[in-house]
Amino acid sequence: MLNSFLPRSIAALLCASVLACSSGCLVTQVTWHPPNDLPPLEPDQIPRRGPHARAERVYARAVHCEQRCRSGCVDLYYEVACLTADAAGCPCFGRARQLHEAALMKLVTAGQRFKRLDPSKGLTIRRGGHEQLIPIARHGFVWQADDFDRLVPIGRYETNALRQKYQRRGLGVPLVVVRRSNIDRPLIARTGAFHATFVMRAEDRAADALDRQGTGCRLELYDPLRVDTIESDSGTHAIAKDLSAPLVYSLQGQQFTFLNYFVYPSEIENAGRLRMIEPYQRGKVPIVLIHGLLSDEWCWVELVNELYAHPGFVDHFQILSFQYPTGNSFLLSASALREQLASLRLQYDPDRADPQLSNMILVGHSMGGLVAKMQITSSGDQLWHSVANRPLDAICASQSEKDTLRKLFYFEPSPDVARVIFLATPHRGSNLARRPVGRLATKLIDIPEQRRKEHERLMRCNPGVFSDEIRERIPTSLDVLEPSSGLLQAIASLPAAKPVCMHSVIGNHCWSLLQGKSDGVVPVSSAREPRAVSEKVVKATHGQVKGHPEAVKEILYILQEHLQRNYDSEFEPEWDFDPRLTPPVMERGPVQTAT
């Protein structure tokens with residue numbers, strides 16, 4: 001009835017919004033503000049003498065030059081940065097430090113505006129009628145020079161996707177690096193952003209900070225995830241950091257991707273895609289994040305933000321995400337993930353020389369936990385017999401149809417998964433699926449006409465073979481989450497690979513008459529996995545579980561245990577931290593909420 005009065009997209013949006021609110025899912029809001037310019041001093045305020053008087057005068061000229069759209073402002077900003085290099089990162093040089101940081105910011109913005117700064121090569125300076133390329137050295141990055149497309153200075157940002165931001169004042173200015181989009185690498189998204197800190201350092205402090213050739217200072221980019229301090233003649237200096245900004249910057253424009261992945265699964269390029277946040281790094285444990293129903297890969301930004309903030313995390317782990325159309329049955333998504341985990345090994349380690357690729361950790365939220373479970377279990381005939389009363393080879397279907405069904409219903413555990421963390425996973429279903437809004441949402445899922453016809457032909461040619469759950473229509477994710485689903489009950493009892501460790505993090509937010517203790521969507525009783533070696537119950541809604549502080553602490557404990565158990569006894573992992581405490585090297589503060 002609703003579809004007859006409203007366009008399908010509006011009906012889907014209304015229905016999905018109700019489901020999202022019910023499940024605690026978040027519609028992301030982001031506001032990104034560029035940094036404020038530092039105004040130059042008035043002429044009568046500039047001191048005639050002093051160590052940085054010249055820098056004040058040059059800075060005023062640079063601002064005036066930029067306002068008149070002249071590229072020469074880049075040369076002047078470079079000179080200011082060199083003249084104030086001795087004040088970089090030193091709190092005792094108040095105004096001089098501000099000048100230095102403002103000049104570095106302007107080298108980035110004006111340099112790119114006037115085509116004088118190429119982040120992959122360097123900065124072009126013109127002095128005395130000659131051009132000189134000041135190269136930019138890169139330190140600590142796992143990205144290649146060609147990946148550096150554009151540098152974005154960080155101002156003030158607001159979002160409801162993060163609870164905390166991790167920043168620190170220090171040497172240089174933090175930036176967001178936007179990746180070049182025309183570089184195609186296996187299992188890495190074409191677009192994205194990552195962290196950097198832009199630093200200028202004096203090469204010879206005995207000489208004038210800027211000689212006639214424009215040398216005397218060098219430009220450097222550091223990866224703040226992997227570099228904490230740098231050494232110089234004057235001692236050890238902590239670099240400036242903003243670990244949260246690139247995540248927030250990447251969130252822009254991602255508000256409703258989850259809706260497309262639910263309502264229009266047929267328009268997605270495939271049944272799911274595995275993506276690395278950073279290039280593959282040999283010797284580091286992969287952590288695969290798998291989102292839940294009515295969600296997408298961007299739901300993990302809070303957890304990633306917390307993990308990146310802990311010193312040593314990136315030294316031992318690398319993060320991947322699996323995004324899939326949640327309107328499809330998760331049998332399709334689980335099959336796609338199974339294939340892509342095998343592809344990851346074939347692509348980067350076909351000789352199986354990297355033992356950490358067989359030490360993988362899957363983290364699944366909500367329905368993503370069921371997708372993860374199907375990577376560590378063996379189907380046998382149990383899954384097929386839950387939906388059909390005749391052997392697969394005996395049904396009336398084409399060979400290609402039988403091959404497709406065999407891929408979905410018959411599988412063995414992945415040899416590369418060593419541990420799974422279930423976050424608010426409905427192992428025995430959720431009553432949300434049987435509520436009116438859940439049933440309406442199921443009807444709004446766009447199933448391709450070709451698939452509908454294939455399903456009708458299969459049912460027509462095999463009367464009395466398939467269960468009602470399969471016979472009535474192609475089961476969606478919501479259908480399979482019905483507590484009465486025979487398919488779901490079969491999945492819950494599949495035997496798991498013995499070496500695999502399972503952990504549960506469960507939300508307990510409220511109590512209801514029908515479900516008892518629950519996170520608002522998944523009852524505590526449904527979220528319990530009896531084979532889990534640990535269980536943590538947190539007071540959080542369904543959507544909050546994946547980023548709740550207590551859940552993050554539990555995940556960090558599990559990761560530390562994973563390192564200690566899986567390294568050789570002779571090797572002690574250099575990750576000594578207490579996840580109950582704020583990382584000592586970072587400043588932790590609330591992020592303003594976007595409205």
Side-chain angles (χ1 to χ4, degrees), residues 271-272 274 286-288 290 320 322 324 328-346 352 355 357-364 366-395 401-423 425-429 465-467 469-470 475 477 480-481 483 485-504 526-535 562 565-566:
L274 183 67
I287 300 176
V288 181
I290 310 168
L320 300 86
F322 180 66
Y324 59 98
N328 280 340
S329 169
F330 56 75
L331 291 178
L332 288 169
S333 303
S335 176
L337 178 57
R338 198 174 301 119
E339 292 178 351
Q340 293 191 41
L341 290 179
S343 176
L344 174 67
R345 169 70 79 175
L346 291 175
R352 303 188 73 85
L357 266 186
S358 296
N359 202 12
M360 195 176 300
I361 301 172
L362 306 184
V363 181
S366 190
M367 189 174 71
L370 297 177
V371 175
K373 180 186 263 186
M374 296 177 72
Q375 311 306 311
I376 61 169
T377 52
S378 176
S379 66
D381 292 321
Q382 187 172 339
L383 212 58
W384 176 255
H385 287 165
S386 71
V387 299
N389 57 23
R390 185 180 298 175
L392 192 154
D393 289 329
I395 67 171
E401 289 173 330
K402 290 181 180 180
D403 291 342
T404 299
L405 291 172
R406 185 173 287 106
K407 185 171 65 172
L408 297 180
F409 287 91
Y410 287 88
F411 49 83
E412 293 297 325
S414 168
D416 297 324
V417 178
R419 196 176 298 264
V420 175
I421 304 174
F422 299 116
L423 305 177
T425 297
H427 298 286
R428 282 164 289 282
V465 172
F466 292 96
S467 65
E469 182 179 4
I470 300 296
S477 295
V480 182
L481 289 180
S485 167
L487 185 57
L488 180 65
Q489 293 170 10
I491 292 172
S493 59
L494 291 179
K498 289 185 179 180
V500 177
C501 292
M502 290 183 270
H503 306 264
S504 294
S526 178
R528 287 208 156 104
E529 167 54 67
R531 294 167 290 185
V533 298
S534 72
E535 178 179 294
H562 189 78
R565 284 193 177 186
N566 291 283

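In this view, Glu412 satisfies the salt bridge (Lys or Arg N to Asp or Glu O under 4.0 Å) rule with no residue, not counting sequence neighbours. Under the side chain to side chain contact (heavy atoms under 4.5 Å, CB included) criterion, Ser485 pairs with Glu469, Val480, Glu482, Leu487, Leu488, sequence neighbours left out. Residues passing the side chain to side chain contact (heavy atoms under 4.5 Å, CB included) test with Ser526, sequence neighbours excluded: Pro426, Arg428, Val522, Pro523. With sequence neighbours excluded, the residues that form a side chain to side chain contact (heavy atoms under 4.5 Å, CB included) with Ala372 are Ile290, Leu362, Val420. Residues meeting the side-chain hydrogen bond (donor to acceptor under 3.5 Å, both in side chains) test with Arg352, sequence neighbours left out: Ser358, Asp416. Glu529 meets the side-chain hydrogen bond (donor to acceptor under 3.5 Å, both in side chains) test with Lys373, Arg531; sequence neighbours excluded. Qualifying side-chain hydrogen bond (donor to acceptor under 3.5 Å, both in side chains) partners for Ser534, counting only residues two or more places apart in sequence or in other chains: His503. Looking at residues two or more places apart in sequence or on another chain, you find a side chain to side chain contact (heavy atoms under 4.5 Å, CB included) between Ser379 and Leu383, Tyr410, Phe411. The salt bridge (Lys or Arg N to Asp or Glu O under 4.0 Å) check on Lys402 picks up nothing, with sequence neighbours excluded. Asp381 pairs by the salt bridge (Lys or Arg N to Asp or Glu O under 4.0 Å) definition with nothing, not counting sequence neighbours.
To the nearest 0.5 angstrom, His562 atom NE2 is 9.0 Å from Cys501 atom SG.
In terms of heavy-atom proximity, Leu408 sits nearest to Ser335 at CD2-CB, 3.9 Å. Across all non-hydrogen atoms, the minimal contact from Thr425 to Gly364 is OG1-O, 3.6 Å. When all heavy atoms of Ala527 and Ser504 are compared, the pair lying nearest together is O-OG, 4.0 Å. Arg338 approaches Lys407 most closely through the heavy-atom pair NH1-O, 3.8 Å. When every heavy atom of Leu274 is checked against every heavy atom of Phe322, the shortest pair comes out as N-CD1, 3.9 Å. The minimum heavy-atom distance between Asn359 and Ala418, with the atom names listed, is OD1-CB, 3.5 Å.
Screening residues 384-395 for side-chain hydrogen bond (donor to acceptor under 3.5 Å, both in side chains) gives Asp393-Arg406 as the qualifying pairs, with residues at least two apart or on separate chains.
Within the 4.5 Å cutoff, side-chain heavy atoms of Ser414 are placed close to those of Val417. Counting heavy atoms from C-beta outward, Arg419 and Val500 have side chains that stay 4.5 Å or more apart. At least one side-chain heavy atom of Met374 sits under 4.5 Å from a side-chain heavy atom of Leu331. Residues Ile421 and Met502 form no side-chain contact, since every pair of their non-hydrogen atoms from C-beta on lies 4.5 Å or further apart. Looking at Leu341 and Met360, their side chains come closer than 4.5 Å, going by heavy atoms from C-beta outward. Using a 4.5 Å cut-off on side-chain heavy atoms (C-beta onward), Val465 and Ile395 make contact. By the 4.5 Å heavy-atom criterion applied to side chains, Leu320 and Leu344 are counted as neighbours.
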Acceptor/donor pairs from residues 492-499 side chains to any protein atom, 3.5 angstrom cut, sequence neighbours excluded:
| unit_1 | atom_1 | unit_2 | atom_2 | d |
| --- | --- | --- | --- | --- |
| Ser493 | OG | Gln382 | NE2 | 2.5 |
| Ser493 | OG | Gln489 | O | 3.4 |
| Ser493 | OG | Ala490 | O | 3.2 |

Exercise for the section: Show the numbers, then the answer: is there a side-chain contact (heavy atoms from CB on, under 4.5 Å) between Val371 and Leu337? Expected result: CA-CA 8 Å; Val371 175; Leu337 178 57; 3.9 Å; yes

Handout entry: Candidate pair Arg528 and Glu535, rule side-chain contact (heavy atoms from CB on, under 4.5 Å), full reasoning
Key = CA-CA 8 Å; Arg528 287 208 156 104; Glu535 178 179 294; 2.7 Å; yes

